[in-house]
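Single-structure report; data block below.
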Amino acid sequence: MSDILTRTAQFIREKLTGDCTGHDWFHIDRVRRNALQIAREEGADVGLVELAALLHDIADWKFHEGDDTAGPRAARDWLTQNEVNPETIDLVCDIISTVSFKGAGVCTEMASLEGRCVQDGDRLDAIGAIGIARAFAFGGHFGRAMFDPEVPPELHKSFAAYKSKGGPTINHFYEKLLLLKDRMQTSTGRRLALQRHQFMEQYLKQFFFEWNPDAPNWP
Ligand code: ADP
Ligand code: NI
């Protein structure tokens, strides 16, 4: 296992270095560390968790015309080329195909304990101080407004609705980031999410206060 982990880390590092949409190599490395911490505390298969964490953003649907099968396909190709056993390949691809957030009203529960560790590790990196930085980096890259008090957030009921949105970045906090704490799938993930969640709440309070001290409550 350690050989394929080293080769996969190298492959992903080369592929994602320089990305400025929130999916650079450092995101993968942080998710790997978060997921491994959770896996150790939860008693999951750490090798499988590390492999899936390394490959979880190999081909994101946001950059493949909304195609959410591109990631599992690219991971399968890589693992097959590297002669990983078919059972492990299926487990990894299953995790990658369901890991991503698809809208407030869309259920994305993971089938395996290892999947829950990777998803919680990924979601921890979407919240807190790093999560705030990633959201604004994403918004800048895609030309989104930072904030528009006239545009209310939406709770998307389907993946199609979530995919097609183009709202200001502050709305993303209400459409995804603030919802993640209650959707963590492991008790370790829930514990780690709490402090990051509170930090985002404090950040938003300050943001709206600075925007307009006379009307600091939004939405
Ligand atoms: P993850 O890698 O955590 O699954 P995504 O692939 O959904 O996250 O998105 C990458 C990063 O960009 C995340 O930090 C996410 O919160 C952020 N992001 C995604 N969509 C938006 C958006 N509409 N506005 C601002 N940030 C976004
Ligand atoms: Ni990710």
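Both counts, for ligands and for their atoms, begin at 1 and track the order of listing. Below, each value reflects all heavy atoms present in this structure, side chains not excepted, and no hydrogens, waters or symmetry copies.
- Counting non-hydrogen atoms of neighbouring residues, nucleotides and ligands closer than 6.0 angstrom, the CZ atom of R190 exceeds 12 such neighbours.
- Using a 30° and 60° split on the angle between ring planes, W211 and F147 fall in the perpendicular class, above 60°.
- Contact analysis leaves R123 out of contact with ligand 1, as no non-hydrogen atom separation drops below 4.0 angstrom.
- Residue contacts with ligand 1: R144 is included, with a non-hydrogen atom under 4.0 Å away.
- In this structure, L177 has a heavy atom closer than 4.0 Å to ligand 1.
- Here the N, O or S atom of H27 that is nearest to the Ni ion (ligand 2) is NE2.
- Both the backbone and the side chain of A135 come within 4.0 Å of ligand 1, judged by heavy-atom distances.
- Using a 4.5 Å heavy-atom threshold, the side chains of K157 and V106 count as separate.
- Residue contacts with ligand 1: D122 is included, with a non-hydrogen atom under 4.0 Å away.
- Under 2.8 Å from the Ni ion (ligand 2) lies an N/O/S atom of D57, whether from backbone or side chain.
- Nearest to atom 15 (C) of ligand 1 by heavy atom, out of H56, H172, R134, is H172.
- For H27 and H56, the gap between ring centers is short of 6.0 Å.
- From I89, atom CD1 reaches atom CD of E83 across 10.0 Å, with rounding to the nearest 0.5 Å.
- The neighbour count for F11 CZ, taken as heavy atoms of other residues, nucleotides or ligands under 6.0 Å away, is above 12.
- Contacts with ligand 1 closer than 4.0 Å are made by side-chain heavy atoms of D57 only, the backbone lying farther away.
- Residue-level check: among N/O/S atoms of D122, OD1 sits closest to the Ni ion (ligand 2).
- Each of the atoms 3 (O), 5 (P), 7 (O), 8 (O), 15 (C), 16 (O) of ligand 1 lies under 4.0 Å from some heavy atom of K176.
- The two residues Q119 and Q185 come nearest to each other via the heavy atoms OE1-NE2, 3.0 Å.
- Within ligand 1, counting atoms from 1 as listed, the ones closer than 4.0 Å to a heavy atom of H27 are 2 (O).
- To the nearest 0.5 angstrom, R183 atom CZ is 5.0 Å from L179 atom CG.
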